[in-house]
S.K.: 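My questions all concern the structure below.
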There are 4 protein chains.
Amino acid sequence: MPLSELAPEEDRAPRRGRRKEARPGELLDAALDLFVEKGFAATRAEEVAARAGVSKGTLFLYFPSKEELFKAVVRENISGRFAEWEEEFKSFEGSTADMVRYCMRVWWERIGSTPASGITKLIISEARNFPDIAAFYQQEVIRPANQLIRRILQRGVERGEFRPLDIEYAVFSIVAPMVFLIMTKHSLGACVPQEYPLDPQRYIDAQLETLLQGLCVRPAAGGRP
Amino acid sequence: MPLSELAPEEDRAPRRGRRKEARPGELLDAALDLFVEKGFAATRAEEVAARAGVSKGTLFLYFPSKEELFKAVVRENISGRFAEWEEEFKSFEGSTADMVRYCMRVWWERIGSTPASGITKLIISEARNFPDIAAFYQQEVIRPANQLIRRILQRGVERGEFRPLDIEYAVFSIVAPMVFLIMTKHSLGACVPQEYPLDPQRYIDAQLETLLQGLCVRPAAGGRP
Amino acid sequence: MPLSELAPEEDRAPRRGRRKEARPGELLDAALDLFVEKGFAATRAEEVAARAGVSKGTLFLYFPSKEELFKAVVRENISGRFAEWEEEFKSFEGSTADMVRYCMRVWWERIGSTPASGITKLIISEARNFPDIAAFYQQEVIRPANQLIRRILQRGVERGEFRPLDIEYAVFSIVAPMVFLIMTKHSLGACVPQEYPLDPQRYIDAQLETLLQGLCVRPAAGGRP
Amino acid sequence: MPLSELAPEEDRAPRRGRRKEARPGELLDAALDLFVEKGFAATRAEEVAARAGVSKGTLFLYFPSKEELFKAVVRENISGRFAEWEEEFKSFEGSTADMVRYCMRVWWERIGSTPASGITKLIISEARNFPDIAAFYQQEVIRPANQLIRRILQRGVERGEFRPLDIEYAVFSIVAPMVFLIMTKHSLGACVPQEYPLDPQRYIDAQLETLLQGLCVRPAAGGRP
DNA sequence: GATGAATGAGAATTCATTCAT
DNA sequence: GATGAATGAATTCTCATTCAT
């Protein structure tokens, strides 16, 4: 048995033949990056393949067309974690303000700061070229996300922590700053270095401060925001 | 005197034939629409020409390349109105909360609700393909806009109307909802009809409500903003 | 009678409306220059018009197509002077060597040094794209020219001035240096300045020297070269 | 051992399919032919591809643009054989007249009669559209060629075989007939069949006869040339 | 399975030619 | 007659996709 076979595959020079099962994933990662960076139309299939370390032909071995690759990228990066999050929130013990804080921070940790955040920019940029993908994303991500936030706001109002709200539209007070942060990160933030990137902690703190004071009932005096 | 003579010349210009003066504008309008809708790469030059009612060749008579057309679209739609707005705000008499309200509403009227709003989506989507245009836009639009808002917030804080703020980042509490509204309008909002479009008045009112309560000092008691 | 009419037309500012009858000629001159410089296909009709100081439309007013313009250029620059030259030579009194000298020098004066020399380069470059023009040129220019030279050589041989020659092919001993000089002038000579242009007098003298010694009978005795 | 194994590999290569090694050469050959025939501008890239038996796309796989193809054609057909020829001449034993004869005949065999001769017509026709290529050709081909001929003439003069010459310009007495023969072959000669083609042996013999008698010292006495 | 040479439909761009003014 | 805005056929070049190896 040659020594080379003892080393884990990826530790060896990955010149050729990496873990086979990993290829589609690497292609999807590369595709996400490039689609986010340049848009669907301006991304060349060969570039995706090159970044994934395979040849052009291999890309089409796993995905029948560039469009199918796009769909797979969206599917792959759709957070299917809403059920899990609903659970976390159902058993949440603290104040609703804390829920909102937790919500934004955990979102940043698990989504916003990861490459998956790019999917948001991608969908926004490409929605009108792929209306069915857009509808799918609306269905699978945006609607559940909004629903989750709506429940939080409802809880706040019901428990007398938040003032009466136009809940349907108040949702966007939470969503907009998150979307804005992502858009910034993936567009201007990636190419106008003297002004960006924003500091995400400071950004989220600043938004939360104003947001929560804006949502909470104004007490004779107020607890910490 | 026939009524028709009251109409400005260009309204009676021949639908086809010589109209050198009008062409570039029509092409820029068509291009803005299509670039916003499909992105730069996915928009065919011939489509732009067709939408402007001219032939492919005519487009290249006025713009030496598709890329120059893109740049011209951005240049054309850059709001050079910040000086004017600064003026309006300098002489503003009311409360700073009213300034913020005025700011968002007037923005919607003059920018958000017009086709020019598309430029924001366009820049965000294409920034990384056109970094110099992005830098230019940052310089000419974003920086002055942020500066304007920063001044408003400063005024609020200085006059004791707003609580102490991380002004640099508090700016985004005003910008984010506006950008989000535009993005919605130009992406999902244009292709997932069952959930959109948002009602802009209601949206702006809801955001202002939370935003202003979030910014203002908490009074012992307070009239609603 | 207005004063302006006294001045010769071309002396006045030729901003607009030059001598009408002159236009086709100016177009032909411009076209010859540009066709020689860049070739037929690489010359744009608008450039020809611009160099002639008229608009694109005017060009097509005088010549129904770019190809017809080309044909007119060739026709215009065809030396119809062979009859006249035949005459000159018929009554020529001196030695045949002097005829040859006279021939090359007069050719340089009347053709080689003028813009009309470009037609040779043009024909050589474009012959295969315009075989009928090539045939026409062969018929109208090359054949008579060769005929003229053939007669000179014949005279030299008949009078015992020249040695016996393969007259048909000896013609090229006179033609080749002239064609070469023109080709040099209009191609490399126009763009490799450190080696060119050749000095035409010196060139012609050098060629004549060798040529005539080569043609003349060797005075006393001589091994074949 | 089967005979077929003696044939070089590329002779047995499949007419279609993978032939990366052979493609550029085939394309260059096709391009040389067509550029010589029709000129650079009038030759369509697709035609070149078709003549090489491949598709449009394949051409651009090997050459990034039509202009680079042109440059490659010139580079490919530049005779790098001057060193070798210098060698042949250095060790030449016979008379200088024989050298001149050998020179023209060997030139016809190795260059003039091959497709590579087209490069001369190509350069002359396109020099002004590609001045840098022209300069390169001047540098790499014309200058060494002239140098070679200059040395021959010098040898003739030094050994008392040739009369005193304006060597710089006498070079053209050898070059001009060769260039003329090539130009004839590739332009009128290819499209006015009733007068052409010239018989190269007869042409070269006729030129040599006159040329050498013109160069050699006149044996006993001499009338003025 | 993987590759990359080859393909050809499609997009940007050019430019001869037309024609309303 | 002259103009130059407009046209669209023709051309260069790109790139998703195929397929022989």
Side-chain angles (χ1 to χ4, degrees), chain A residues 16-18 20-21 23 40-50 53-69, chain B residues 14 16-24 41-49 52-69, chain C residues 16-18 20 23 40-50 53-69, chain D residues 14 16-23 41-49 52-69:
Chain A
R16 196 159 278 245
R18 48 190 74 201
K20 287 184 182 182
E21 345 65 63
R23 289 234 173 96
F40 174 79
T43 297
R44 289 181 312 121
E46 188 161 17
E47 248 181 314
V48 174
V54 301
S55 77
K56 206 173 6 166
T58 305
L59 169 60
F60 288 93
L61 210 58
Y62 289 106
F63 304 95
S65 74
K66 196 180 158 191
E67 199 160 327
E68 285 306 317
L69 173 63
Chain B
R16 62 185 53 190
R18 300 308 122 86
R19 307 202 300 122
K20 193 180 184 187
E21 303 317 317
R23 290 293 183 231
T43 298
R44 289 181 307 119
E46 192 162 14
E47 256 181 308
V48 175
V54 300
S55 75
K56 207 178 5 164
T58 302
L59 171 60
F60 289 96
L61 206 58
Y62 292 102
F63 303 96
S65 73
K66 196 181 156 190
E67 200 160 324
E68 285 305 316
L69 174 63
Chain C
R16 195 160 278 247
R18 49 189 76 200
K20 288 182 181 180
R23 288 233 174 97
F40 174 79
T43 298
R44 289 179 314 120
E46 189 162 16
E47 246 181 315
V48 175
V54 300
S55 78
K56 208 174 2 169
T58 303
L59 170 61
F60 287 94
L61 209 58
Y62 289 106
F63 304 95
S65 74
K66 195 181 159 189
E67 200 161 324
E68 284 306 318
L69 173 63
Chain D
R16 61 185 52 191
R18 299 308 119 89
R19 307 201 301 124
K20 194 179 183 187
E21 302 319 317
R23 289 295 184 230
T43 299
R44 289 180 309 119
E46 192 163 13
E47 253 181 310
V48 175
V54 301
S55 74
K56 203 179 11 163
T58 302
L59 170 61
F60 289 97
L61 207 58
Y62 292 101
F63 303 94
S65 72
K66 195 182 156 189
E67 200 160 322
E68 284 305 316
L69 173 63

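Every chain is numbered from 1 and lettered A, B, ... according to where its sequence line falls, protein lines coming before strand lines.
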S.K.: Going by the rule salt bridge (charged side-chain N to carboxylate O under 4.0 Å, His left out), which residues pair with B:Glu68 if we only count those two or more places apart in sequence or in a different chain?
M.R.: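 Once residues adjacent in sequence are excluded, the partners of B:Glu68 under the salt bridge (charged side-chain N to carboxylate O under 4.0 Å, His left out) criterion are B:Lys71.
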S.K.: Using atom CD of C:Glu46 as one end and atom P of F:dT3 as the other, report the distance to the nearest whole Å.
M.R.: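 From C:Glu46 CD to F:dT3 P: 12 Å.
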S.K.: Stems in DNA chain E: runs of 3 or more consecutive Watson-Crick or G-U pairs, distances under 3.5 Å?
M.R.: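 The stems that DNA chain E takes part in, listed by first number, are E:2-21 with F:2-21.
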S.K.: Suppose we screen for side chain to side chain contact (heavy atoms under 4.5 Å, CB included). Which residues come up paired with D:Ala41, at least two apart in sequence or across chains?
M.R.: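 Result, side chain to side chain contact (heavy atoms under 4.5 Å, CB included) vs D:Ala41: C:Ala41, C:Ala42.
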S.K.: Give the minimum heavy-atom separation between C:Lys66 and C:Thr43, together with the two atoms involved.
M.R.: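 That closest heavy-atom pairing would be NZ-O, 2.8 Å.
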S.K.: Mind calculating the distance between NZ (C:Lys66) and C1' (E:dT18) to the nearest angstrom?
M.R.: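 Atom-to-atom, C:Lys66 to E:dT18, this comes out as 17 Å.
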S.K.: When only distance counts, do a donor and an acceptor, one from the side chain of A:Lys56 and one from the base of F:dT17, lie under 3.5 Å apart?
M.R.: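 By the distance-only test, yes, there is a pair.
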S.K.: Heavy atoms within less than 4.0 Å of DNA chain F: which residues of residues 57-64 of chain D have one? Give them sorted by number.
M.R.: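 Residues of residues 57-64 of chain D under 4.0 Å from DNA chain F: D:Phe60.
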S.K.: Quick one: list whatever passes side chain to side chain contact (heavy atoms under 4.5 Å, CB included) with B:Phe63, sequence neighbours left out.
M.R.: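 Only B:Pro24, B:Leu27, B:Leu28, B:Leu59, B:Leu69, B:Ala72 meet the side chain to side chain contact (heavy atoms under 4.5 Å, CB included) criterion with B:Phe63.
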S.K.: Ignoring the backbone of B:Ser55, work out which of F:dT3, F:dT7, E:dT17 is nearest its side chain.
M.R.: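 Side chain of B:Ser55 sits closest to F:dT7.
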S.K.: Whole angstroms only, please: what is the CD-P distance between B:Glu68 and E:dA12?
M.R.: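 Checked: the CD to P distance equals 15 Å.
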S.K.: Residues two or more places apart in sequence or in another chain: which of them pass ring pair (Phe, Tyr, Trp, His ring centres under 6.0 Å) with C:Phe40?
M.R.: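 C:Phe35, C:Phe70, C:Phe130.
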S.K.: Quick one: list whatever passes side-chain hydrogen bond (donor to acceptor under 3.5 Å, both in side chains) with C:Ser55, sequence neighbours left out.
M.R.: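 With sequence neighbours excluded, C:Ser55 shows a side-chain hydrogen bond (donor to acceptor under 3.5 Å, both in side chains) to C:Thr58, given in chain and number order.
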S.K.: Give the nucleotide from the list E:dA16, E:dA12, F:dA6 with an atom nearest to the side chain of C:Arg44.
M.R.: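 Between E:dA16, E:dA12, F:dA6, the one nearest the side chain of C:Arg44 would be E:dA16.
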S.K.: Which atom pair, heavy atoms only, marks the closest approach of B:Phe60 to B:Ser65?
M.R.: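 It is CE2-CA, 4.0 Å.
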